[in-house]
Amino acid sequence: MELPAVPTPPDRASAGSGVAVLLRRAEPLRTVYQPIVDLRSGEVAGYEALTRVVEWPARSPEPWFAAADREGLGAALEAAALASALRVRPLLDPRQFLAVNVTATALLHPDVTSALLAEGDLSGVVVAVSEVEAADAAQLAAVLAGLREHGLLVAVRVVDGGRAELRRLADLRPDLVELGSDLVHGVAGDQIAARVVRLVLAVAADLGADVLAAGVEALVDARWLQTAGVALGEGWLFGRARAGLLQPSPEVVAWLRSPDATG
């Protein structure tokens with residue numbers, strides 16, 4: 001039987017029907033995975049799961065999630081995306097983790113927590129919590145504490161290293177701190193960004209958290225991050241998001257392992 005076509009990115013008039021199609025059937029949603037590498041060894045430490053809409057595969061799915069929020073279906077769509085992402089877990093090496101993205105408000109919804117708890121043991125699952133400021137702090141802390149009892153790890157992104165973001169790190173005490181791509185791009189030649197990254201590294205060390213640099217595209221930035229003590233890297237340099245669990249190129253791995261190599 002031929003499946004009904006998934007609509008183009010929803011506008012306000014078509015939002016309800018478009019999102020409803022995504023929630024009715026699993027086929028229109030798929031997950032791609034981007035490798036996260038250990039900057040010291042070049043080995044794949046884990047993968048980030050990213051959602052795509054089948055009929056719109058090369059573009060961001062954000063319009064769909066925004067439409068779902070407008071229709072009161074945001075948590076349901078995030079739960080469906082989460083369930084899709086988690087299916088890859090049996091294929092991962094036991095030493096690797098899977099990072100999934102969830103907004104803080106959705107994390108408070110039973111649909112999302114149920115999708116996580118259905119996994120049983122959540123060891124090796126990292127929830128990257130976004131839009132933390134939109135959720136009730138006490139409720140979010142309680143939900144995260146409960147999920148951590150099942151082995152869940154928590155990641156929080158730092159965009160600019162401002163006081164509010166650093167306070168958020170202190171409040172949530174994440175296991176992984178993610179440096180946003182705006183801080184990472186060109187960090188080797190940007191003194192301000194470099195100072196912010198060093199500050200975040202110090203705060204993360206106090207919290208006992210590892211640091212992940214997102215959006216690494218240049219060898220010179222990768223070397224700077226490696227030398228500064230950033231543990232993990234993700235970005236086009238190490239591999240784009242694809243349907244399979246891909247590895248970084250042998251050349252990049254060898255370069256990371258050679259301290260004398262230059263970009």
Value rounded to 0.5 Å, distance of [atom1] in [X] from [atom2] in [Y]:
{"X": "L144", "Y": "L153", "atom1": "CG", "atom2": "CG", "result": "11.5 Å"}
{"X": "E43", "Y": "L256", "atom1": "CD", "atom2": "CG", "result": "11.0 Å"}
{"X": "W255", "Y": "E251", "atom1": "CH2", "atom2": "CD", "result": "13.5 Å"}
{"X": "L107", "Y": "S130", "atom1": "CG", "atom2": "OG", "result": "9.5 Å"}
{"X": "D38", "Y": "Q226", "atom1": "CG", "atom2": "CD", "result": "9.0 Å"}
{"X": "Y47", "Y": "T31", "atom1": "OH", "atom2": "OG1", "result": "15.0 Å"}

Next item on the list: Check whether more than 12 heavy atoms from other residues, nucleotides or ligands sit under 6.0 Å from atom CZ of R195, and answer yes or no.
Entry: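 Count not over threshold, so no.
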Next item on the list: Assess whether atom CD of E133 is packed by more than 12 heavy atoms of other residues, nucleotides or ligands within 6.0 Å.
Entry: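 Yes, enclosed.
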N/O donor-acceptor pair under 3.5 Å between [X] side chain and [Y] backbone:
{"X": "E165", "Y": "V159", "value": "yes"}
{"X": "D175", "Y": "V154", "value": "yes"}
{"X": "E78", "Y": "T103", "value": "yes"}
{"X": "R168", "Y": "R157", "value": "no"}
{"X": "D221", "Y": "H185", "value": "no"}

Tell me which donor-acceptor pairs under 3.5 Å the side chains of residues 113-123 have, and how far apart each pair is, sequence neighbours excluded?
residue	atom	partner	partner atom	Å
T113	OG1	H109	O	3.3
T113	OG1	P110	O	3.2
S114	OG	P110	O	2.7
E119	OE1	R89	NH1	3.0
D121	OD1	S123	N	3.0
D121	OD1	S123	OG	2.7

Are the side chains of [X] and [Y] in touch, meaning some heavy atoms are under 4.5 Å apart?
{"X": "L237", "Y": "L219", "result": "yes"}
{"X": "W224", "Y": "V184", "result": "no"}
{"X": "V211", "Y": "V158", "result": "no"}

If I compare all heavy atoms of [X] with all of [Y], which pair ends up nearest, and what's the gap?
{"X": "Q34", "Y": "R240", "value": "NE2-CA, 4.0 Å"}
{"X": "V44", "Y": "L246", "value": "CG2-O, 4.4 Å"}
{"X": "T51", "Y": "A81", "value": "OG1-CB, 3.3 Å"}
{"X": "Y33", "Y": "S84", "value": "OH-O, 3.8 Å"}
{"X": "L207", "Y": "P174", "value": "CD1-CD, 4.3 Å"}

Notebook entry, point to check: Other hydrophobic cluster members with L50, side-chain heavy atoms of Ile/Leu/Val/Met/Phe/Trp/Tyr under 4.5 Å, chained?
Noted result: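 Members alongside L50: V32.
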